[in-house]
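Take a look at this one; I'll ask things after.
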Amino acid sequence: MSKVTSMHDAVATAVDDGDSLYLAGFTHLIPFAAGHEIIRQGRTDLELIRATPDLIYDQLIAAGCARKVTFSWAGNPGVGSLPAFRRAAEEGYPTEIELEEYTHFGMIAALEAGASNLPFMPLRGFIGSDLPDHNDNIARVESPFGDDYVYAVAPIEPDVAVVRAQRADENGNAHLWGIQGEVKLAALAADTVILSVEEQCSEETIRSDPNRTVITADEVDHVVVEPYGSHPSYAQGYYGRDNEAYLSWAETAADRDTVEEWLDEWVYGVDDRREYVEQLGTERIFDLEPETAYATPVNMGEYR
Amino acid sequence: MSKVTSMHDAVATAVDDGDSLYLAGFTHLIPFAAGHEIIRQGRTDLELIRATPDLIYDQLIAAGCARKVTFSWAGNPGVGSLPAFRRAAEEGYPTEIELEEYTHFGMIAALEAGASNLPFMPLRGFIGSDLPDHNDNIARVESPFGDDYVYAVAPIEPDVAVVRAQRADENGNAHLWGIQGEVKLAALAADTVILSVEEQCSEETIRSDPNRTVITADEVDHVVVEPYGSHPSYAQGYYGRDNEAYLSWAETAADRDTVEEWLDEWVYGVDDRREYVEQLGTERIFDLEPETAYATPVNMGEYR
Amino acid sequence: MTTDETETTTETDTERAYTNSELMVVAAARELESDDSVLVGIGKPNLACNVAKRTHAPELRMVYESGTIGSNPKTPPLSIGDPGLAAGALSIEPMRNGFNYYLQAGRLDVGFLGGAQIDRYGNINSTVIGDYDDPIVRLPGSGGACEIACHVNRTMIITPHTERRFPEEVDFITSPGYVGGREGRAELGLDGGPEAVITDLGVYRFNDDGELYVDSLHPSATRDEIQSKTGWEIEFADDLQQTAEPTDEELRLIREELDPEELYTDQAE
Amino acid sequence: MTTDETETTTETDTERAYTNSELMVVAAARELESDDSVLVGIGKPNLACNVAKRTHAPELRMVYESGTIGSNPKTPPLSIGDPGLAAGALSIEPMRNGFNYYLQAGRLDVGFLGGAQIDRYGNINSTVIGDYDDPIVRLPGSGGACEIACHVNRTMIITPHTERRFPEEVDFITSPGYVGGREGRAELGLDGGPEAVITDLGVYRFNDDGELYVDSLHPSATRDEIQSKTGWEIEFADDLQQTAEPTDEELRLIREELDPEELYTDQAE
């Protein structure tokens, strides 16, 4: 049975006040449209989990949705800091936020534990760092074999993950290419998964290249077909990163009022991603499109 | 600098008597040609590590190359048992072999530890089983977070791994599609890696589809271009499994003399894989070829 | 199969126009539900899954230890890693991911296992007969079996019933059943457990203590035959059933589509 | 750059036709060798790697935290996960694999880090200024930095030299340098360590105790300037050098090919 629905309905069904949330995608395929829909539906007290909070969580924090941020690098990639995150962390505005902090590797290992149903995951991480003193979910563990030690992290198991991919069938079997990030782990670790894609495809397309499948229907509860759903992040082969938007966020978010204006214009002022894209305008979208460069084909063979 | 060489030279350089060896490939892309070359060069006292020893290790054991077998399932897949393995384990013929035994999951977790430079890897495995009583590299570990436990396995780090893929460039960057098995882990965990491929390709071909890359040049010491190097196992899209060879091994290997005859004809009696394939004959090879079925293309985009 | 459907059904009932190996496949198929994810083994389990998928369980998802998810083989595979399981699958995972993210994380509902010995609590031995360090018979070992037995919700055991195979205690526990009873399994932190044992004599299940009992007898089998081949006093259900016989469609699927060369079943005319 | 090569070289020496930010990029580039695998950061590190690859280190392999291995970007990326790092890479790994199989397993030779504070043992703070629970400034945090500092063989630190950045002790250790000295690092089981600190005033290295010293002064800088901006009495090399200046080709690469929009460098005419 098809799981295809609208982002409005997916968020309305899947995301409750107080939930822990992982909007996945390391730089690539960040689910901005889902974030905006969560803001529009006025969810509060969320635990926002993401290795890189990025603009998407800065926007959710600015809109007052957050009670806690679990993260490993809270900056504007290649640009600087996240103004709304800093206001919340330093001044408690618009909400106080609790922080749970990891390194990237530690964060990913915690997701790996969650995805694997393991009580902990070892890593050679945090060594010599002050971070373990400030996070009870990081512990030193001795090796049972010989004289060696590691740090271990407890599992991260979000209530809801939103993940994106380039294409999926109606059941949620998805092909994803380019940077994979922590998308698969987030989908496996979460209780409920919203999968948003640039394009819907046939199950046959998925089955033609099973090595390209990163998420299977088993993990997915809702499928949302939403072209440009990652703007100003990107979708490999579909559109590039809108660097202008990242650069200008520094100014937009620097001030409480300008960020409110921005939210009014780009989130509250549109009904859905389609309207957002219309507001962006065709030219800006077209400017982000790469030239075509297909991967060299592979023959899977037909075996009878 | 190109790493392309012959299997003869790769084995002569990389494999010493007494080495621990992982010939990787779960059913798919088993490096039979490498195994035969090791037999021809008369290596002895090898520790043969493989989740599924399969015919390849049964042949090495029958030829007297083995001192130890580290494994998780020693059978002829879909057919029955491995006669030479059983003779060695039960009667010590032609050599006594020590056994180090895991479950598949345990074995793969041990390779994962080796590939990751971790002193152990936890898994919810071996629970309720008698196996941990017979293997010192399996230990129970309590979780540092709450009341829970797992088993841990020590790392497996073979001296040499031989892995196969469909295509690679001259440096050893390889595309592999179809069943992945433990190929990547074996290559990462081993000190020295021989990569054998069905076809050599340009670096450009590899770069056209980086998500298809399973092994990078970093891990690879020798590249051998050897079509049909996996027969009677298979190469997805190139040729199917030669089931006849698997079925007839039960009889061939049932008796000390018939297995000697087989080794004389198919291993000692040929110089290399090319001669082996000639001896097989074109018709048998052609019968194994699948119809063509290409994966649906993906656009990586050209970003300037 | 040249007669028409109605006649054949009648013949089947009276003349047993099927073999017990065919009945085993069919009985196993009937244990499966359409929304199950099954970790499939080779041979009869594979036939059973394919019969189920083509009859009452069209959405059945077949997963193999080799990491192929949602395989849709056109012909029955000889091994769990055949190219026909990879081509046309929904996904192919590296071996670690299959065990780690799918099996261990509880994403698989059903697993099929065989074994050289099965004991009264459904513990399975596929490692050694005799002493581990000086075996009488060295068997293949666990492969995926131990963790399948740990983590799927319903373990199905398919095996012929011979005296050697059903000792009161196995020589070696490769794969846990109910260990020393349902509590023994729970104490280890394991859910699920063995659901059914399907042999050439009947279908057995597990009682509240986690002990094997005979739930249905195949038409050709007797209580005495089962008891005489079992190493302890085996329980029989109060309402002992006769195993339902194969339908014509099930037999047609096995004989014409799935195992025409009789690799995994002996087939009646 | 309209003059010919010989003339320009002369001008460079006398008129300083380059900026210190350009010199930082070039000094960093010269730390790299052709067979290095480098975990590249954004900004100057990326420029440095691309200068090195286009001059003396053509085989340099660039790896990014986003999991792209052997990237070959046509233009400098704005972030470590840009599409131009993925398209044309040799391989793309899920994030866990990059950290687990590449970084942790010791497959990366060099890593570039910045930081808000660097102390006399090369420990880096990029987490908070002030108290962790009540920060004066909340910084982005570790990201990949902590484990880069743990596992690469040579950590390169690129940062402007201001007084606040070089306290005797950092407020918070995000990424370990030599901790309390080379022995402190070794006791933690860590190999490698910081190799060089490249600032707008000079290139600093670490002595046998693991303590920072000034190895070369940029032509525009003085000992006093460095000392006055450093929170402890910093050592200078006995044979203190002057940092070698950029060549024309290095400057041309930065200005024309790699950073024509001056996103990461201030450029001289």
Side-chain angles (χ1 to χ4, degrees), chain A residues 25-28 51-52 71-82 85-86 89-90 99 101-109 111-112 123-131 133-134 148-149 177-185 214 233-237 239-241 243 246-247 290 293, chain D residues 42-43 64-68 77-88 92-100 103-105 123 125-127 132-151 170-177 179 184-185 188-190 263:
Chain A
F26 191 80
T27 313
H28 184 207
T52 53
F71 73 105
S72 44
W73 191 80
N76 181 346
V79 180
S81 64
L82 295 174
F85 170 84
R86 284 190 57 182
E90 295 169 9
L99 301 184
E101 185 166 5
Y102 294 87
T103 62
H104 275 351
F105 190 15
M107 180 96 182
I108 294 303
L111 267 186
E112 170 82 10
L123 68 153
R124 294 193 194 273
F126 304 113
I127 306 169
S129 158
D130 289 335
L131 263 178
D133 298 341
H134 300 276
D148 202 350
Y149 76 100
W177 57 98
I179 288 170
Q180 310 278 308
E182 80 299 50
V183 165
K184 184 188 189 78
L185 295 182
V214 169
S233 162
Y234 71 99
Q236 189 81 37
Y239 48 97
R241 198 171 119 109
N243 285 335
Y246 275 83
L247 292 168
Chain D
I42 289 307
Y64 290 80
E65 281 173 62
S66 55
T68 66
L78 183 68
S79 95
I80 55 171
D82 273 11
L85 298 175
I92 300 173
E93 290 281 355
M95 209 169 154
R96 175 173 183 271
N97 291 5
F99 283 107
N100 204 62
L103 184 59
Q104 178 176 257
N123 302 305
N125 175 16
S126 54
T127 303
Y132 183 81
D133 292 312
D134 185 19
I136 300 164
V137 184
R138 175 63 236 195
L139 301 162
S142 165
C146 173
E147 284 87 8
I148 293 171
C150 289
H151 295 300
V170 292
D171 292 1
F172 187 100
I173 300 186
T174 309
S175 310
V179 196
R185 187 175 171 95
L188 293 171
L190 297 177
L263 287 173

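Naming convention: chains lettered A, B, ... in sequence-line order (proteins, then strands); numbering from 1 in each chain.
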Which of the residues D:Ser175, D:Ser126, D:Ser66 is involved in the greatest number of heavy-atom pairs with chain A at under 4.5 angstrom?
D:Ser66
Restricting to non-hydrogen atoms, name the atom on D:Ala86 and the atom on A:Gln236 that form the minimum distance, rounded to 0.1 Å.
CB-OE1, 3.3 Å
Check whether any side-chain heavy atom of A:Arg124 lies under 4.5 Å from a side-chain heavy atom of D:Leu190, and answer yes or no.
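Not in contact.
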Hey, which of A:Ile108, A:Ile179, A:Asp148 has the most heavy atom pairs under 4.5 Å with chain D?
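Option with the top pair count is A:Ile179.
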Option that, when pairs with chain A are counted at under 4.5 Å, heavy atom only, ranks first among D:Gly184, D:Gly189, D:Cys150
D:Cys150
In a table with atom names and distances, give each donor-acceptor pair under 3.5 Å that connects a side chain of residues 139-146 of chain D to protein atoms at least two apart or in another chain.
unit_1, atom_1, unit_2, atom_2, d
D:Ser142, OG, D:Cys146, N, 3.1

For A:Leu185, is it the side chain, the backbone, both or neither that has a heavy atom under 4.5 Å from a heavy atom of chain D?
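Contact with chain D: side chain only.
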Given a strict heavy-atom distance threshold of 4.5 Å, which part of D:Thr68 is in contact with chain A: side chain, backbone, both, or neither?
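For D:Thr68, the contact with chain A is made by the side chain alone.
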Can you tell which part of D:Ala87 gets under 4.5 Å to a heavy atom of chain A, answering side chain, backbone, both or neither?
both
With only heavy atoms counted, which part of A:Leu99 is less than 4.5 Å from chain D, the side chain, the backbone, both or neither?
side chain
Side chain, backbone, both or neither: which part of A:Ser81 has a heavy atom under 4.5 Å from chain D?
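Neither part.
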Which one, A:Glu182, A:Gln180, A:Glu112, A:Lys184, leads in non-hydrogen pairs under 4.5 Å with chain D?
A:Glu112
Considering all heavy atoms, the nearest D:Met95-A:Ala51 contact
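Scanning both residues completely, I find the closest heavy atoms to be CE-CB, 4.5 Å.
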Report the option among A:Tyr102, A:Trp177, A:Phe71 that has the most heavy-atom pairs separated by less than 4.5 Å from atoms of chain D.
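So the answer, after comparing A:Tyr102, A:Trp177, A:Phe71, is A:Phe71.
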Choice from D:Gly81, D:Ala149, D:Pro135, D:Pro176 maximising heavy atom contacts with chain A below 4.5 Å
D:Gly81
Does the D:Gln104 side chain pair with the main chain of A:Leu123, one donor and one acceptor, at a distance under 3.5 Å?
no
Could you check whether any side-chain heavy atom of A:Glu101 comes within less than 4.5 Å of a side-chain heavy atom of D:Thr127, counting everything from C-beta outward?
yes
Please classify the contact of D:Ile136 with chain A as side chain, backbone, both or neither, using a heavy-atom distance under 4.5 Å.
backbone
Between A:Gly181, A:Ala235, A:Ser233, A:Ala109, the one whose heavy-atom pairs under 4.5 Å with chain D are most numerous
A:Gly181
Quick check on the interface: out of A:Gly128, A:Ala74, A:Gly78, who has the most heavy-atom pairs with chain D under 4.5 Å?
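Most heavy-atom pairs within the cutoff with chain D belong to A:Ala74.
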Best-contacting candidate, D:Asp134, D:Thr174, D:Asn97, against chain A by heavy atom pairs under 4.5 angstrom:
D:Thr174
Interface moiety of D:Asn100 toward chain A, non-hydrogen atoms closer than 4.5 Å
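Both parts, backbone and side chain.
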Atom pair CD1/NE2 of A:Ile127 and D:His151 - distance to nearest 0.5 Å:
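Atom-to-atom, A:Ile127:CD1 and D:His151:NE2 are 5.0 Å apart.
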What's the separation between atom OH in A:Tyr234 and atom CG in D:Asp82, rounded to the nearest 0.5 Å?
6.5 Å
Specify the closest pair of heavy atoms between A:Pro77 and D:Ser79, including all atoms of both residues, with the distance to one decimal.
CB-CB, 3.8 Å
For the residue pair D:Phe172 and A:His134, categorise the inter-ring angle as parallel (less than 30°), tilted (30 to 60°) or perpendicular (more than 60°).
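Rings of D:Phe172 and A:His134: tilted, as their planes differ by 30° to 60°.
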For A:His104 and D:Glu147, indicate whether the former's side chain and the latter's backbone hold a donor-acceptor pair under 3.5 Å.
no
Nearest 0.5 Å please: distance from the CZ atom of A:Phe105 over to the CG atom of D:Leu103.
7.5 Å
Chain A contact via D:Leu188 - which portion, at a heavy-atom distance below 4.5 Å:
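For D:Leu188, the contact with chain A is made by backbone and side chain together.
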